[in-house]
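First the structure, in the form of structure tokens, and then the observations on it.
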Amino acid sequence: MDGPDRAQERLQARAPEMELIREAQAGSRAAFDALVRQYEQQVLRLALHLTGSEHDAEDIYQEAFLKAFRYIGNFRFECSFYTWIYRIVTNLCLDQLRRKKTRREDQAVVVDQSGDEIDVLSSVSDNRSFSNPGKELDRKVLGERIQVALSKLTPRERMVFELKHYQGLRLRTIGEMLNTTEETAKNTLFRATKKLRTQLAGLR
Amino acid sequence: MNCELAHERIVLAAYGELPDEQIHELGRHLAACTDCSQEREQLQALKTLATAFPMAELDPNFVARSRMRLEEALDAIPPKRWYERLGQRMVNNFSSMQAAPVAALLLLIVGGGAGTLGGYEYAAARTAHNAAQVLSTQASAEQPVQSAPAEIANISSIEREPNSEIVHVTFNQLVPQHVQGSLDDPAIRQLLMLASENATSPGVRDNSVGLLAAECRAAHGCQGEGIRDALMIALRYDKSFTVRQKALEGLQPYVAEDMRVRDAVLEALLNDSDARIRTSAIAILEPVEADTSVRQVLSTVANSDHNPQIRTVSRQVLSRAPEIQ
């Protein structure tokens with residue numbers, strides 16, 4: 001539980017950022033650029049990991065910060081700027097995941113770094129024994145299997161798992177970002193882990 | 001506790017979301033229930049497997065390309081007009097206001113003020129336009145006006161002579177100016193500082209910051225004239241790499257004596273997106289590398305910077321500088 005001292009410390013740590021936001025709201029492009037520099041790495045990493053495509057990640061990054069620029073006047077300091085920008089990014093990522101899901105509903109397809117799509121399941125034999133992943137699968141193929149399993153989740157389950165497992169965010173924060181409650185985020189995480197365990201049962 | 005609830009709590013516990021008081025209860029259930037113990041092992045195995053698909057290190061070219069594209073798109077957006085910003089502020093304020101009568105009164109005042117101001121600006125613009133037309137056609141006026149209408153900033157007064165066609169119009173003009181002087185001249189320095197913050201052209205900012213930085217490096221009176229502040233602002237916020245690099249070099253002589261300068265350089269080391277700036281910042285911090293705050297930042301950079309070379313250099317600096325207790 002946070003005490004008043006912790007809250008005060010957090011507020012002090014956020015003071016320069018709040019100043020930047022106010023300047024950006026007053027129309028300062030330099031202040032907005034400074035905010036972009038502060039968050040761009042995290043945004044790109046999240047988008048790249050979720051979409052698996054540099055092209056899609058770049059589009060999401062671009063659209064997210066353009067939206068932030070247009071609507072920064074609406075930011076009212078009711079949540080952290082981090083939560084606000086992540087809310088924009090996660091919404092865009094969810095849209096992208098939904099579009100992808102309908103495009104390749106029954107395909108185990110991932111996009112490699114060069115942008116080419118590859119069918120992972122066709123490249124990995126299901127008859128192999130995966131009792132010892134360290135010896136029998138190289139890490140790359142294992143990673144691709146994980147990616148395929150993740151792509152079978154619903155976009156929302158994928159997003160909650162991503163934010164919890166890979167980004168290490170609190171469920172409460174995830175709920176705020178996805179405009180839902182902590183309880184719903186918890187249930188979604190539970191469903192996601194259950195599905196992933198079923199998907200990856202052969203690998204254990 | 002039933003097994004269904006235990007399964008949910010196993011997930012929460014694995015991700016550090018289970019309250020302390022429930023951890024003990026879950027532990028007791030797991031000790032007695034084989035199925036749930038297996039469930040926990042399976043979840044741990046999933047967490048281990050998931051590390052095979054890690055968050056990738058970003059390619060610096062990819063980041064630079066994305067940023068360049070974003071900057072182009074941002075440049076294409078026209079800046080918001082003052083009334084758009086005012087409207088936005090009103091909307092924000094309105095939503096946070098609880099008392100309706102106060103809100104209505106404030107809205108009335110703001111609306112009235114905005115209307116008056118808008119009307120005044122409209123009238124002033126019309127008058128300026130008409131006056132410029134009149135001036136350009138009346139060559140017989142007392143003082144012929146050479147300027148084009150676009151150079152007239154505003155009209156401050158208009159008086160007509162009684163029973164006459166003669167009108168006296170007082171107006172202000174925007175006139176481009178040129179000054180020259182020594183770099184030690186306070187007026188020149190003031191202009192350079194203005195240019196370092198406000199110039200829309202990166203070339204002008206580059207020149208002004210370069211000149212100010214050179215003055216600081218040459219110890220030509222960089223004390224208490226706001227030049228250091230201007231360099232620190234350029235280092236923190238300028239989007240051009242060369243401008244930030246020059247600002248950093250200009251701040252070098254003051255890193256040991258001025259805590260604000262040291263903080264600005266440490267911020268650059270932590271946050272600047274360009275690895276070259278971060279590398280230069282490490283070199284510049286050399287005189288104060290044994291300082292506790294510097295060591296803390298170096299230690300953070302040594303662990304978390306995306307660039308392996310910067311991580312290595314930070315570790316080397318940390319290993320050679322004895323920690324001051």
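Naming: A, B, ... by sequence-line order, numbering from 1 per chain.
- In this structure, OG1 in A:Thr193 is found 11.0 Å from NZ in B:Lys47, a value given to the nearest 0.5 Å.
- Residues A:Asp59 and B:Arg69 form a side-chain contact, since some pair of their non-hydrogen atoms from C-beta on lies under 4.5 Å apart.
- With a threshold of 4.5 angstrom between heavy atoms, A:Leu169 approaches chain B through N, CA, C or O but not through any side-chain atom.
- In terms of non-hydrogen atom pairs under 4.5 Å with chain A, the most contact-rich of B:Val63, B:Leu74, B:Val11, B:Asn271 is B:Leu74.
- Pairing each heavy atom of B:Leu46 with each of A:Leu196, the nearest pair is CD1-CB, 3.8 Å.
- Heavy atoms of B:Asp238 lying under 4.5 Å from chain A belong exclusively to its backbone.
- Between B:Arg67 and A:Glu40 a salt bridge is recorded (basic side-chain N to carboxylate O distance below 4.0 Å).
- Residues A:His49 and B:Phe53 meet the side-chain proximity criterion, which asks for heavy atoms closer than 4.5 Å.
- If you take CG on B:Leu58 and CD on A:Glu54, they are separated by 8.5 Å, rounding to the nearest 0.5 Å.
- The environment of NZ in A:Lys195 is crowded: more than 12 heavy-atom neighbours from other residues, nucleotides or ligands sit within 6.0 Å.
- Heavy atoms of B:Ile10 lying under 4.5 Å from chain A are absent altogether.
- At a 4.5 Å heavy-atom cutoff, the contact between A:Leu46 and chain B is made by backbone atoms alone.
- Residues B:Tyr237 and A:Leu20 form a side-chain contact, since some pair of their non-hydrogen atoms from C-beta on lies under 4.5 Å apart.
- Taking CZ of A:Arg145 as the start and CG of B:Leu49 as the end, the distance is 10.5 Å to the nearest 0.5 Å.
- Neither the backbone nor the side chain of A:Glu78 comes within contact range of chain B; no heavy atoms are under 4.5 Å apart.
- Expressed to the nearest 0.5 Å, how far CD of B:Glu57 lies from CG of A:Leu48 amounts to 11.5 Å.
- Applying the 6.0 Å contact sphere to CZ of A:Arg172 captures no more than 12 heavy atoms from other residues, nucleotides or ligands.
- Of the atoms belonging to A:Glu162, it is side-chain heavy atoms, and not backbone ones, that fall under 4.5 Å from chain B.
- Within a 6.0 Å radius of CD in B:Glu4, other residues, nucleotides and ligands contribute 12 heavy atoms or fewer.
- Using a 4.5 Å cut-off between heavy atoms, B:Leu12 touches chain A through its side chain atoms alone.
- For residues 82-94 of chain A, heavy-atom neighbours of chain B at less than 4.5 Å comprise no residues at all.
- Interface residue B:Thr51: backbone and side-chain heavy atoms are both found under 4.5 Å from chain A.
- In A:Gln41, the CD atom is crowded: over 12 heavy atoms of neighbouring residues, nucleotides or ligands sit closer than 6.0 Å.
- Counting heavy-atom neighbours within 6.0 Å of B:Arg262 CZ, excluding the residue itself, gives a total above 12.
- Aromatic ring orientation, B:Tyr15 versus A:His165: perpendicular (interplanar angle above 60°, classes split at 30° and 60°).
- Residue contact with chain A, scored on non-hydrogen atoms closer than 4.5 Å, involves the backbone and the side chain of B:Asp75 alike.
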Discussion item. Set out, in order, the CA-CA distance, both residues' side-chain angles and the distance that settles salt bridge (Lys or Arg N to Asp or Glu O under 4.0 Å) for A:Lys186 and B:Glu17, then state yes or no.
Written reply: CA-CA 9 Å; A:Lys186 190 174 84 180; B:Glu17 294 271 357; over 6 Å; no
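- Residue-level contacts of residues 29-39 of chain A with chain B, in order of numbering, are A:Arg29, A:Ala30, A:Phe32, A:Asp33, A:Ala34, A:Val36, A:Arg37; threshold 4.5 Å between heavy atoms.
- Here the straight-line distance linking atom CG of A:Leu50 with atom CE of B:Met55 works out to 8.0 Å at 0.5 Å rounding.
- For B:His306, the part lying under 4.5 angstrom from a heavy atom of chain A is the side chain only.
- A donor-acceptor distance shorter than 3.5 angstrom exists from the side chain of A:Tyr166 to the backbone of B:Ala50, with no hydrogens or angles considered.
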